[in-house]
Structures are given as C-alpha cells and as structure tokens.
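Written out below as structure tokens is the structure these notes cover.
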Amino acid sequence: MPPASTTVLSAVLWDMDGTIVDTEPYWIGAEIDLATEHGGTWDETLAVELVGNSLETSAELLRERAGIRGTDAEIVDELLSRVVRRVREEGVPWRPGALDLLAQLRAADIPCALVTMSWRALADVIVGALPADTFAAVVTGDQVTNGKPHPEPYLRAARELGVDIAACVAIEDSIPGLASAEASGARVLAVPAVQRIEPAPGRSRVDSLSDVDLDVLRRIVAGEVHDHAGQD
C-alpha cells in the first residue's frame, strides 16, 4: 500500500453510458439497426470498438465501415434520437450500485460532475431522473472541442467545479474514457461494462459500483490502487 496521503476527495467525475446507466446495449442496437436499414453490415463485436468514443468519431466509422449514408451530424442525430426514445419508453436502466453511491456522495456534500460523450439531449433525460442537486456540473460531447480519449472533458469538469483534478476520482467503463481521465490527471476507477479493461499502473478496478463506498473513493484519491475486478 502506498504511503498515506493528505489528499482529500474534492469531487467525483462520472461517465454516464455504461457507468451510471446501462445504455451501451441501446447504442449498439441503434447502430446495428441503422446499418441494416442502409443495406450495410454491423455487429456487436464491431460496435464494442466504438464504446466511449465521441459520437462524431463513431459516426465517421459507421459511415466508412457500415455503409450508413449521411453526414456525421445526421448519423449522430439519428442514433441519439433512437437511444433517447428507448430510454423514455422503457425507463432509465440504472447500473447496479450507481444510485446508492450518488446518494452517499450527495449526503456527504462531495460534488459530482457528469462527463459524457453523449450529447445534452440524452444527458438531460438521465439527469432529470435524479435528485436536482446530484450533479454540480454536466459536460457533454456536444460541449467540447476534443472528446474522449482527449483529457479536455475531464479537465473542463474539474474547472467548472473549481477543484484540483488530482483530488478527483473519475469513474469510467470504457477504454477511451479511462484514457481521457488518466491523461487529465484524475485518479481513476474502472467499472467494466461491455469492454474488457486491463490492469494498469494507478488504475483501480471493480466489477460493480455496489462494491464501492465513500471509504473506497477516499482511499483511491489518496493514492491506493483498489483493484478488485474478477475478469482476469
């Protein structure tokens, strides 16, 4: 275990799709359906490669590799509308442990930010299903110049909260998301969903947010690597 640190947990920065909500299957389904409608081919294996990337990057790859017609903006709008519609019709598919951990942080007055590559239209639906004071800042893919894996989204979130990024824990489920958070200087906690997350220096991992509480987050921000994922 590393030496004790005086670092205090200043904030928690949350990815959304696959981390707070189990919407990655919704995105994958929308991609497969849209490719089929355009006479192209796409499957879940290919779709998993897109998880965590900016929607513009995903749209470009779908156009090039799946034969989906239209501009990047048109493809993004269509995918987004399908996912938003499904969430509205079926309800928010919360990931295990997410609501409880958010409630613990709210009770402890530890600010949270949402840092997602989904656009504001979907983020608003998810945020609207939570208590009004859950997130002190919301950073979405249509608000940044450089999406994940670039560190800009996480750096912007810390700046909006007015905290030192090094005193934050970022919770992520994807490889691009982890790359973004790690490059920003945040401590990171991986909670794998559809992508396999390998161990790495300084990277904490758990199988479920049900296994995480404030004590775990405080130990992570102090420098402890909390690696308890069972996928290896």
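Throughout, residue positions are numbered sequentially from 1 according to the sequence presented. No hydrogens, no waters, no symmetry mates; every other heavy atom, side chains included, goes into these values.
Using a 3.5 Å distance cut-off with no hydrogens or angles, the side chains of D17 and S118 do pair a donor with an acceptor. In this structure, a donor-acceptor pair under 3.5 Å is absent between the side chains of D22 and W94. In this structure, a donor-acceptor pair under 3.5 Å is absent between the side chains of T57 and E60.
A side-chain donor-acceptor contact under 3.5 Å links R205 to the backbone of I197. Remark: side-chain polar atoms of E74 are paired, donor with acceptor, to backbone N or O of T71 under 3.5 angstrom. With hydrogens and angles disregarded, no donor-acceptor distance shorter than 3.5 Å links the side chain of E160 to the backbone of A137.
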- Message: Set out, in order, the CA-CA distance, both residues' side-chain angles and the distance that settles salt bridge (charged side-chain N to carboxylate O under 4.0 Å, His left out) for D142 and R120, then state yes or no.
- Response: CA-CA 7 Å; D142 49 339; R120 192 78 193 208; over 6 Å; no
- Checking side-chain hydrogen bond (donor to acceptor under 3.5 Å, both in side chains) for the pair E172/Y154: CA distance, chi angles, key distance, verdict? CA-CA 11 Å; E172 273 282 356; Y154 279 104; 2.6 Å; yes
- Full working for salt bridge (charged side-chain N to carboxylate O under 4.0 Å, His left out) between E90 and R86: CA-CA 6 Å; E90 300 181 19; R86 188 168 174 186; 3.1 Å; yes
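In summary, D15 and K148 engage in a salt bridge, as defined by a charged side-chain N under 4.0 Å from a carboxylate O.
Evaluated for a side chain to side chain contact (heavy atoms under 4.5 Å, CB included) with V139, the options V144, L114, L155, L13 yield exactly one hit, V144. Of the candidates L101, I220, L178, L101 is the only one forming a side chain to side chain contact (heavy atoms under 4.5 Å, CB included) with I171.
In this structure the side chain of P151 never reaches within 4.5 angstrom of the side chain of R156, judged on heavy atoms.
Summarising the geometry, atom CD1 belonging to I75 is positioned 7.5 Å from atom NE2 belonging to H38; distances are rounded to the nearest 0.5 Å. Atom CD of E31 is separated from atom CZ of R82 by 11.0 Å, given to the nearest 0.5 angstrom. Here CH2 of W119 is found 5.0 Å from CD of E56. Values are rounded to the nearest 0.5 Å.
In terms of heavy atoms, H150 sits closest to S180 at O-OG, 2.7 Å.
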